Amino acid sequence: MQNTTPQSKQVRAHVFISGRVQGVGYRYATVETATQLRLTGWVRNLLDGRVEAVFEGSQEVVDEMIRWCHEGPPAAMVKDMHIEYEQPEGLQGFQVRR
């Protein structure tokens, strides 16, 4: 689903999540939550055990997603998050990357 927020009001957050975030359904719960919030972007596991995600949308909705990432799905234990704000690329949809 395409994000309907005008491009000029979009923000892009590039997020790195560490802790027990792999093997607990974190990526797929992220896709579900981001899709419900109508964000665009992607999520993937990193070889070092972290999860990396990019969220594009309005500042308020991206902030809501970041708050969700601090908790994640029930089996996750988030220890730390690093967030970098970047120029939005106008991504379409939300997906798991390999």
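If you're wondering where the values come from, they're calculated on a predicted model, not measured in any experiment. No hydrogens, no waters, no symmetry mates; every other heavy atom, side chains included, goes into these values.
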4.5 Å side-chain heavy-atom contact, Tyr26 and Arg20: no
Exercise: identify the closest heavy-atom pair between Cys69 and Val78: O-CG2, 3.3 Å
Side-chain heavy atoms of Ile66 within contact of Ile83, under 4.5 Å: yes
Aromatic plane relationship, Phe55 with Phe94 - under 30° parallel, 30 to 60° tilted, over 60° perpendicular: parallel
Shortest non-hydrogen contact between Glu89 and Glu56, atoms and distance: N-OE2, 2.7 Å
Closest approach of Val51 to Gln22 (non-hydrogen atoms, all atoms of both residues): CG2-CG, 4.3 Å
In one Ile/Leu/Val/Met/Phe/Trp/Tyr side-chain cluster, 4.5 Å: Val61, Val11: yes
Side-chain donor/acceptor of Glu64 to backbone N/O of Leu37, under 3.5 Å: no
Side chain to side chain, Asp80 and Arg50, heavy atoms closer than 4.5 Å: no
Pairwise side-chain contact, Thr33 with Met65, heavy-atom cut-off 4.5 Å (strictly under): yes
Nearest atoms (heavy-atom pairs only) where Arg27 meets Arg98: NH1-NH1, 3.4 Å
Validation row: Leu39, Val62 side chains within 4.5 angstrom (heavy atoms): yes
Any Val54 side-chain heavy atom under 4.5 Å of Val15 side chain: no
Validation row: Val96, Trp42 side chains within 4.5 angstrom (heavy atoms): no
Heavy-atom side-chain contact between Gln87 and Arg12 under 4.5 Å: no
